[in-house]
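Everything below concerns the one structure shown next.
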Amino acid sequence: MNYLEGLNDRQKEAVLHTDGPLLIMAGAGSGKTRVVTHKIAYLIEEKNIYPGNILAITFTNKAADEMKERVAELLDRDVDHMWMGTFHSICVRILRMNIDKIGYDRSFTIYDRADQITLIRECIQELNVDKSMYKEASVLSRISSFKDEQIDPEEYIKVNYSDYRERKIGELYQLYTKKLKQYNALDFDDLLLKAVELLRENKDLLEFYQRRFQYIFVDEYQDTNKIQYELIKMLSGKHGNICVVGDSDQSIYAWRGADIGNILNFEKDFPGARVILLEQNYRSTQKILDLANEVIKNNSERKKKRLWTDKADEGKIHYEQLSDSDREAHFVANKIHQLIYKGYKPKDIAILYRTNAQSRSFEDAFMKEDIPYKIVGGLRFYDRKEVKDIVAYLKVLQNPIDNISLKRIINTPKRGIGNVTIERIEDYANERGQSMYESILSVDNIDSLGAGAKSKVRSFLEMINGLMDKKDRLGLKDFVEEVIESSGYVKDLEKEDTVEARTRIDNIMEFLSVTINFQEKNEGEDLEEFLASISLLSDVDKTIDKDNLITMMTVHSAKGLEFNTVFLVGMEEGLFPISRSFDNEEDLEEERRLCYVAITRAEEHLYITNAKTRILYGRAGYSLPSRFIDEMGDFIERKPLIKSGREKTMSSGRQYTGTSRFGNTASNILGAKPREESKKDLDIQLGSKVKHRKWGIGTVVQIEDKENDKEIVIAFDKEGLKKLSLAVAPIEIV
DNA sequence: ATTTGTTCTTGTCGG
DNA sequence: AAGAACAAAT
């Protein structure tokens with residue numbers, strides 16, 4: 001097979017340059033994935049490189065899987081031995097095998113955001129600092145950047161000793177680090193940091209991996225941070241065959257430490273580096289590219305680059321200003337109906353917004369209009385309490401000295417082990433420098449506990465120990481089932497017998513099927529791998545893309561993706577660009593790059609919308625069109641705004657709040673469907689059979705009076721239980 | 001010990 | 001507007 005077929009000259013050059021450092025400056029849609037996959041195939045097939053000697057780092061696990069698949073397709077053979085994954089998953093893989101060399105146990109736990117918050121809270125309490133002065137989120141973000149820059153706590157405290165606040169932050173960092181170690185846990189930043197430390201302190205191990213990874217690829221290089229740079233610099237140290245792909249105009253993660261300097265200084269960092277610029281775009285129409293170029297040229301800190309295509313200059317970019325966010329959503333819903341009518345598929349359409357909170361009005365509108373959609377990010381399955389609880393059980397069983405997880409489950413479900421008891425155990429454990437689990441192993445020795453508390457703790461301990469026994473004897477799925485059973489978690493929910501409880505049970509069952517899936521896909525992999533894999537999933541990884549659904553997500557999540565039709569919504573000053581970026585030129589340029597990313601996701605159609613009033617942070621307010629819209633100049637169509645009679649009343653200063661959400665408002669200028677009349681007078685009672693536009697037939701099983709409305713619960717034949725508002729739900733009696 | 005009600009705070013983006 | 005922290009009641 002000829003791996004150069006169908007590539008342009010620049011792309012061919014990139015494929016053929018196999019040895020030595022290479023930077024591919026790949027504009028949006030310039031076929032970089034194609035280049036990388038062809039290059040890997042070329043290496044394996046023509047240069048006889050063993051797949052296990054190739055390492056490719058991508059931004060999401062999904063991207064890694066897709067890349068692997070495409071290479072396998074090109075070669076018509078499996079390439080399972082190739083290392084592909086995100087920085088984090090690659091690091092876990094290395095650490096899992098070797099972390100004992102730097103004093104951790106190989107069964108370490110990975111702490112997610114919520115665990116981090118609990119932990120830092122613990123630290124703030126213990127150090128007795130004013131928690132209104134030291135906010136969890138901001139302390140954590142400081143700690144994150146310390147780790148990125150490899151500043152250790154002691155050093156930081158010393159340097160900033162005279163500055164009280166900074167010293168305290170250093171002390172929090174120190175305590176946080178100490179506790180993580182004590183609990184045998186690593187946070188996301190540690191995964192990178194500890195991998196680097198491990199390799200730095202063990203030369204033979206570094207040598208091993210350097211030998212192994214003869215060819216290294218890094219995608220989305222513009223969004224790598226310092227420590228990631230350090231890691232690839234180390235790993236590529238021997239062979240120097242490092243190929244990075246990126247686009248400085250798409251750097252959108254500076255706020256979490258991404259260093260645009262990595263890509264700008266590549267030639268300096270890797271002497272003899274070759275740079276190849278890919279400017280031909282295969283994704284979008286010229287109109288869309290012109291628009292993107294027009295916006296991004298306003299950034300001062302950039303390498304000049306201009307995307308072009310040989311596609312016809314057809315299609316339009318539509319811009320529409322609506323009076324509020326609900327109308328914006330309805331406008332979009334209407335357009336989508338038209339597109340689908342014309343034969344476009346839902347999966348080719350995406351709604352992109354700046355903040356997750358914006359998804360709400362679109363959800364409402366799409367539900368009413370019967371448009372199939374999925375949301376990436378936002379309310380995440382793995383963030384649900386019940387799922388996190390079960391995961392905490394698993395974490396404890398894998399790594400019992402993880403106090404954070406232990407405290408989460410010791411009284412969940414309620415076992416009569418209250419805060420006081422927990423605190424006493426904790427104090428006892430701290431005094432003796434052991435974990436809470438170790439302390440309760442001999443609970444009888446804890447004198448501060450009463451007889452009642454002791455016996456409750458004892459039975460909790462017996463349950464945990466019983467499960468530990470089974471951990472290695474049962475398969476993953478059977479084990480998780482056993483955990484759900486023995487913990488009494490589901491039993492407790494069943495007793496509750498409410499809709500919420502039943503939804504929770506459903507979610508737990510859903511989690512169980514996740515387990516089954518994992519077990520089938522990864523034969524022989526154990527609990528540790530399972531836990532690691534679920535904590536390292538990105539938002540994009542967590543959504544299924546089999547179904548033919550409209551995608552709604554943030555612009556950040558959309559990085560690397562493409563859609564035939566894109567709706568870029570909420571283009572308002574203060575929202576996009578977000579108000580916090582106003583006083584800082586660098587932040588503003590990042591917002592502009594984000595806008596550039598959004599525009600360049602579109603292949604054929606791009607709709608840009610905004611609203612004149614929006615409820616932001618609980619308050620209705622007026623907003624101006626985004627400055628980016630001004631920058632688009634004549635590249636977008638600006639319709640003169642025709643105001644209908646009622647439209648005028650709405651926008652002439654009347655206080656417009658969320659309550660009018662249910663009002664019978666007029667259809668807007670674009671002919672969005674008028675809202676449905678409220679169905680308060682529908683004769684609904686327990687046992688009524690109803691038909692929902694989306695979920696089909698169901699039976700009313702619960703009715704609750706609400707102000708001006710009724711909240712009803714319907715058991716659908718297919719979809720299970722759903723809670724709906726009678727006033728707005730698209731249902732009718734059958 | 002746990003549930004329930006009230007006040008207070010906070011507010012992007014994400015592995 | 002929503003969630004967390006806190007206080008009071010059962």
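Here is how names work: the chains are called A, B, and so on, in the same order as the sequence lines, proteins then strands, and each is numbered from 1.
- Atom CZ of A/Arg106 has more than 12 neighbouring heavy atoms from other residues, nucleotides or ligands inside a 6.0 Å radius.
- Of the side-chain N and O atoms in A/Ser538, none sit less than 4.0 angstrom from OP1 or OP2 of B/dG14.
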Tabulate below the donor-acceptor pairs under 3.5 Å that side-chain atoms of residues 123-131 of chain A make, not counting sequence neighbours, or state none.
residue: A/Glu126; atom: OE1; partner: A/Lys179; partner atom: NZ; Å: 2.9
residue: A/Asp130; atom: OD1; partner: A/Ser132; partner atom: N; Å: 2.9
residue: A/Asp130; atom: OD1; partner: A/Ser132; partner atom: OG; Å: 2.9
residue: A/Asp130; atom: OD2; partner: A/Ser132; partner atom: OG; Å: 3.2

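- Nucleic acid contact class of A/Phe59 (heavy atoms, under 4.0 Å, all strands): none.
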inquiry  = Strictly under 4.0 angstrom, non-hydrogen atoms only: write out the protein contact profile of nucleotides 4-10 of chain C, one letter per nucleotide from the 5' end, B, S or -.
reply    = -SS----

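- Contact annotation: A/Arg360 reaches the phosphate of C/dA2 (side-chain N/O to OP1 or OP2, under 4.0 Å).
- A/Met133 CE: 12 or fewer foreign heavy atoms inside a 6.0 Å radius.
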note = A correct dot-bracket answer for DNA chain B, with pairs being Watson-Crick or G-U at under 3.5 Å, [ ] for crossing pairs and | for inter-strand pairs, is ||||||||||.....

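- Between B/dG14 and A/Asn356, a contact under 4.0 Å exists linking OP1 or OP2 to a side-chain N or O.
- Atom name P, nucleotides B/dC13 and C/dA4: the rounded distance is 16 Å, in whole Å.
- A donor and an acceptor atom, one from each side chain of A/Ser535 and A/Asp112, are nowhere located under 3.5 Å apart.
- For B/dG14, the OP1/OP2 oxygens have a side-chain nitrogen or oxygen of A/Ser557 closer than 4.0 Å.
- Side-chain atoms of A/Gln222 and A/Glu220 form a donor-acceptor pair, as typed in the model, at a separation below 3.5 Å.
- The nearest pair of heavy atoms linking A/Leu192 to A/Phe87 is CD2-CB, 3.8 Å.
- For B/dA1, the OP1/OP2 oxygens have no side-chain nitrogen or oxygen of A/Lys414 closer than 4.0 Å.
- The side chain of A/Asn411 contributes no N or O atom lying less than 4.0 Å from OP1 or OP2 of B/dA1.
- A/Asp148 has no carboxylate O lying under 4.0 Å from a charged side-chain N of A/Arg256, or vice versa, which leaves the two without a salt bridge.
- Judged by distance alone, the side chain of A/Ser251 and the main-chain N or O of A/Ala258 form no donor-acceptor pair under 3.5 Å.
- You won't find any donor-acceptor pair under 3.5 Å spanning the side chain of A/Asp539 and the base of B/dG15, going by distance alone.
- For A/Thr421 and B/dA1, the shortest distance from a side-chain N or O to OP1 or OP2 is below 4.0 Å.
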